[in-house]
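Written out below as structure tokens is the structure these notes cover.
Both ligands and their constituent atoms are indexed starting at 1 by order of listing.
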Amino acid sequence: MATSIIPTIHLTRVYDLLLDTYGTPVNEPDYDPLGGLIGTILSQHTSDINSERAYKKLIGTFPTWEEVRDAPTYQVAEAIKSGGLANIKSVRIQDVLHTLTEQQAQQGGSKALAEYLSDELAQRATEEAWRYLQQLPGVGPKTAACVLMFHLDRPALPIDTHVHRTSQRLGLIGPKVNANQAHILLARVTPAEWVYPLHVNLITHGRQICHAQRPECGRCSLYHACAYVGSVNAQETAVPVS
Ligand code: SF4
């Protein structure tokens with residue numbers, strides 16, 4: 001855990017302004033990283049409602065992840081069809097489960113897959129656990145960070161399009177830092193207990209105010225802390241004179 005990180009004055013200011021504006025979101029981890037990983041795969045390219053429906057149907061049809069692994073792929077696809085891209089996601093889910101099974105077999109283990117993944121992550125520091133998850137088929141930096149942060153309350157910071165854009169504009173990361181790099185850079189400078197609130201509040205800020213096109217700088221509570229104001233497109237970020 002990165003509890004010893006001392007944040008910069010700028011990050012502290014931005015973090016506090018975000019809390020003042022959007023409140024303090026509280027994480028509710030379920031400590032089920034394999035369920036979280038499958039759920040995150042199901043959530044790709046669809047709405048939360050659809051992916052949650054697909055997840056419930058999947059675990060209702062197959063009570064264990066071993067049964068999902070061993071089922072005919074078309075039956076898995078049928079169970080998750082409400083989540084969209086069922087043919088692709090069913091293959092991806094079974095690939096992950098087979099990979100974990102093979103890894104455990106090579107180590108001579110015989111745990112349930114959920115317990116196996118949980119134990120593998122528990123013995124790794126967060127950044128190492130984040131890299132470990134990415135060696136599973138179809139798991140990228142964002143999915144890996146989502147599993148760690150949402151499901152294990154570990155200080156990994158998922159960088160979606162909103163977090164990337166707003167953290168760049170606010171000067172939390174440099175203008176040339178891409179999303180993959182930002183996963184590491186932002187997590188390394190953010191105190192562990194700030195990671196979840198910062199992630200959630202940057203997404204909210206990106207959705208509500210700091211849009212990709214035409215950010216609403218004139219009603220932004222972070223205006224005076226924003227590196228983007230006047231530096232890139234002065235006209236776009238100017239506060240209208242009332
Ligand atoms: S001032 Fe404008 S660019 Fe800066 S964070 Fe606010 S909305 Fe985004």
Above 12 or not: heavy atoms from other molecules or residues under 6.0 Å from NZ of K111?
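Result for NZ/K111: enclosed.
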Neighbour count >12 (heavy atoms, 6.0 Å) for atom NE2, H10
yes
Look at the N, O or S atoms of C220, main chain and side chain alike, and state whether any lies under 2.8 Å from atom 6 (Fe) of ligand 1.
yes
Within a distance under 4.0 Å of any heavy atom of [X], pick out the atoms of ligand 1 and give their elements.
X    : answer
C226 : 1 (S), 3 (S), 4 (Fe), 5 (S)
C210 : 3 (S), 5 (S), 7 (S), 8 (Fe)
H205 : 5 (S), 6 (Fe)
I209 : 7 (S)

Using the ring of each side chain (for Trp, its six-membered ring), is Y55 parallel, tilted or perpendicular to W65, with breaks at 30° and 60°?
tilted
Examine the proximity of ligand 1 to T166 and report which part, side chain or backbone, both or neither, has a heavy atom under 4.0 Å away.
neither
Listed by chain and number, what are the side chain to side chain contact (heavy atoms under 4.5 Å, CB included) partners of E120, not counting sequence neighbours?
Q107, Y116, Q123, R124, Y132
Applying side chain to side chain contact (heavy atoms under 4.5 Å, CB included), name anything that partners D70, two or more places apart in sequence or on another chain.
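Counting only residues at least two positions away or on another chain, D70 forms no side chain to side chain contact (heavy atoms under 4.5 Å, CB included).
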Test H151 against D30 for side-chain hydrogen bond (donor to acceptor under 3.5 Å, both in side chains), laying out the working first.
CA-CA 5 Å; H151 297 277; D30 55 13; 3.0 Å; yes
So, does L170 sit close enough to ligand 1 that a heavy atom of it is under 4.0 Å from the ligand?
yes
Judged by non-hydrogen atoms, does H211 sit under 4.0 Å from ligand 1?
no
